[in-house]
Amino acid sequence: MRPPSSEWIRLGGLLLVALGTRLAAAGWWQARLDPNASFAFPDSQTYWILGQALANGEPFQYGSPDASIFRMPGYPWLLSLLFRLLGTDASVMWARGLGAVLGTLAVAALYALARQMFDRSSALIAAAMGAVYPGAVGMSVFVLSEALFCPLMLAQLALWAASWQSASRRGSIWLAAASGLVAGLATLTRPSWLAFVPFAILAGLVGGQRRRHLVLGAVAVAGLALAMLPWWVRNARLVGHFVPTTLQVGASLYDGLNPRADGGSDMSFVPRFEALERANAAAGEPFEYRLDRRMRNEAIEYARNNPGRALALAAIKAARMWNVWPNEPISGGWLVGLVMLLTYVPALGLALAGAWKYRRLGWPYALCWLPAGYLTLLHMIFVSSIRYREPAMLALLVLSAATVRGVLASRGE
């Protein structure tokens with residue numbers, strides 16, 4: 001059923017609020033950075049340089065051929081379009097503006113997901129929450145891959161839910177395939193998303209209609225593989241091995257599991273491993289591949305020899321991810337922390353209430369909280385920070401909105 005014109009008008013207004021809020025936040029954030037620094041996050045610089053390389057027709061590598069599978073290509077490719085249009089010396093504010101547009105699209109996708117699950121009132125409430133939620137606003141303007149990942153993730157969830165709820169078998173199959181393709185695009189933006197589709201399929205098999213889960217899940221996996229195939233072929237040609245995402249997995253794993261690990265990120269160990277690997281070159285294997293394997297193997301060995309510490313670190317990382325206060329000093333000081341506290345805690349509380357209230361509805365309502373479970377488990381292994389919960393919080397806002405709508409309905413409003 002097509003939404004009435006009044007609903008479109010309200011949604012349009014909320015999207016304008018989302019865009020305006022993000023543009024204002026982009027200017028505020030940039031004004032608080034060191035005048036000699038364009039970015040607050042080291043990752044931003046890598047995306048920027050790779051985007052410039054693509055725009056200039058140069059190889060997709062970070063600094064040297066020894067870093068050719070350093071990042072996923074999705075977000076750098078998008079930045080490269082900006083550079084092709086404005087030149088590679090474009091101001092970083094253009095990228096923040098692009099992020100504001102992407103964040104607005106994420107709010108539209110959030111509305112679509114909530115509309116698929118519940119009713120138009122819940123969808124509009126979810127869009128209103130997403131428009132101003134500080135975590136969502138921040139992920140839009142920090143020049144990080146989350147800016148692109150969030151709308152793709154929400155679109156994937158909405159398509160998967162629509163596939164499950166479709167009355168047409170053919171329509172259901174096509175929607176599942178589309179959800180898999182979008183999942184592939186999301187993975188080409190954030191490598192950590194690769195295993196979400198299998199994870200969600202396994203979670204769905206716990207309930208009923210297992211055959212349907214397997215069929216639609218298999219179609220989604222096929223769509224995911226199709227989207228990822230060019231990247232897999234490219235990587236195999238470069239290093240002679242199957243590399244599903246990047247050759248930074250080993251470094252990320254060691255970052256989370258080493259004698260000095262505390263749950264946060266500290267990549268100061270990388271030069272030491274680089275020196276060791278260059279001194280012990282294995283003939284026929286590319287340096288980047290060998291370096292990744294050395295760090296991965298040492299991380300696994302550390303966890304095997306120190307299971308108690310690995311479990312303690314897992315708990316620390318979970319706490320860091322869902323902390324109510326920033327884990328590190330941030331620009332804006334205590335005021336930003338207070339805003340985060342006063343918005344995050346109610347949003348999470350409402351989401352938890354919604355997850356409990358609608359638990360018997362089963363699949364696909366579980367898609368609203370599965371990203372939170374998946375990303376938490378993942379970052380209990382790798383490093384953790386508040387940044388990594390923000391995409392999951394957007395999906396949880398669907399449950400928060402449904403809870404608010406239920407309270408209003410019970411009061412006759």
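For clarity, every value in this text was computed on a predicted model and none was experimentally measured. One is the number of the first residue; the rest follow in order along the sequence.
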Is there a donor-acceptor contact under 3.5 Å from the side chain of [X] to the main chain of [Y]?
{"X": "Asn327", "Y": "Ser385", "value": "no"}
{"X": "Asn297", "Y": "Arg293", "value": "yes"}
{"X": "Thr21", "Y": "Val132", "value": "no"}
{"X": "Glu285", "Y": "Arg290", "value": "no"}
{"X": "Lys357", "Y": "Thr403", "value": "no"}
{"X": "Arg320", "Y": "Ser384", "value": "yes"}
{"X": "Ser122", "Y": "Phe118", "value": "no"}
{"X": "Arg389", "Y": "Met321", "value": "yes"}
{"X": "Arg304", "Y": "Ala299", "value": "no"}
{"X": "Ser166", "Y": "Gly171", "value": "no"}

Quick one: pull up [atom1] in [X] and [atom2] in [Y] and give me the separation to the nearest 0.5 Å.
{"X": "Leu375", "Y": "Met380", "atom1": "CG", "atom2": "CE", "result": "13.0 Å"}
{"X": "Met129", "Y": "Leu397", "atom1": "CE", "atom2": "CG", "result": "6.5 Å"}
{"X": "Tyr111", "Y": "Leu15", "atom1": "OH", "atom2": "CG", "result": "9.5 Å"}
{"X": "Phe70", "Y": "Leu50", "atom1": "CZ", "atom2": "CG", "result": "8.0 Å"}
{"X": "Ser145", "Y": "Met72", "atom1": "OG", "atom2": "CE", "result": "10.0 Å"}
{"X": "Leu257", "Y": "Asn306", "atom1": "CG", "atom2": "CG", "result": "9.5 Å"}

What is the ring orientation for [X] with [Y], classed by angle as parallel under 30°, tilted 30 to 60°, or perpendicular over 60°?
{"X": "His213", "Y": "Trp363", "result": "perpendicular"}
{"X": "His379", "Y": "Tyr388", "result": "parallel"}
{"X": "Phe199", "Y": "Tyr374", "result": "tilted"}

Will you find, in the side chains of [X] and [Y], an N or O donor that is under 3.5 Å from an N or O acceptor?
{"X": "Gln52", "Y": "Asn56", "answer": "no"}
{"X": "Gln30", "Y": "Arg96", "answer": "yes"}
{"X": "Ser268", "Y": "Asp266", "answer": "yes"}
{"X": "Trp322", "Y": "Thr376", "answer": "yes"}

- Does the separation of the ring centres of Phe39 and Trp29 fall below 6.0 angstrom? no

- Centroid-centroid under 6.0 Å between Tyr302 and Tyr254 rings: no

[X] to [Y] - nearest heavy-atom pair and separation:
{"X": "Ala95", "Y": "Leu79", "answer": "CB-CD2, 4.0 Å"}
{"X": "Val324", "Y": "Val345", "answer": "CG1-CG2, 3.8 Å"}
{"X": "Ala100", "Y": "Leu23", "answer": "CB-CD2, 3.7 Å"}
{"X": "Asp43", "Y": "Arg387", "answer": "OD2-NH1, 3.0 Å"}
{"X": "Val249", "Y": "Thr245", "answer": "CG2-OG1, 3.7 Å"}
{"X": "Ala395", "Y": "Leu157", "answer": "CB-CD1, 4.0 Å"}

- Message: Suppose the criterion is ring-ring contact (aromatic ring centres under 6.0 Å, His included): which pairs have a residue in residues 167-187, not counting sequence neighbours?
- Response: none

- Assess whether side-chain hydrogen bond (donor to acceptor under 3.5 Å, both in side chains) is satisfied between Glu301 and Asn305, documenting all intermediate values. CA-CA 6 Å; Glu301 186 66 18; Asn305 294 333; 3.2 Å; yes

Is it the case that atom [atom1] in [X] sees more than 12 heavy atoms from other parts of the structure closer than 6.0 Å?
{"X": "Arg10", "atom1": "CZ", "answer": "no"}
{"X": "Arg237", "atom1": "CZ", "answer": "no"}
{"X": "Trp356", "atom1": "CH2", "answer": "no"}

- Task: Go through the steps for Leu253 and Ile300 under the test side chain to side chain contact (heavy atoms under 4.5 Å, CB included), then give the verdict.
- Result: CA-CA 8 Å; Leu253 187 61; Ile300 293 172; 4.1 Å; yes

- Message: Would Leu394 and Glu390 count as a side chain to side chain contact (heavy atoms under 4.5 Å, CB included) here? Give the steps.
- Response: CA-CA 7 Å; Leu394 279 170; Glu390 298 304 349; over 6 Å; no

- Task: Check Val239, Leu238, Leu247 against Pro286 for a side-chain contact (heavy atoms from CB on, under 4.5 Å) and give me the one that passes.
- Result: Val239

- Item | Given Tyr75, Tyr47, Trp193, the one that forms ring pair (Phe, Tyr, Trp, His ring centres under 6.0 Å) with Phe149 | Trp193

- Task: Determine, for Asp66 against Arg278, whether the closest basic-nitrogen to carboxylate-oxygen distance falls under 4.0 angstrom.
- Result: yes

- Message: Set out, in order, the CA-CA distance, both residues' side-chain angles and the distance that settles side chain to side chain contact (heavy atoms under 4.5 Å, CB included) for Arg71 and Thr246, then state yes or no.
- Response: CA-CA 6 Å; Arg71 290 277 185 245; Thr246 75; 5.6 Å; no

- Task: Could you walk me through whether Glu274 and Arg294 pass the salt bridge (charged side-chain N to carboxylate O under 4.0 Å, His left out) test, one step at a time?
- Result: CA-CA 10 Å; Glu274 289 179 341; Arg294 177 183 280 267; over 6 Å; no

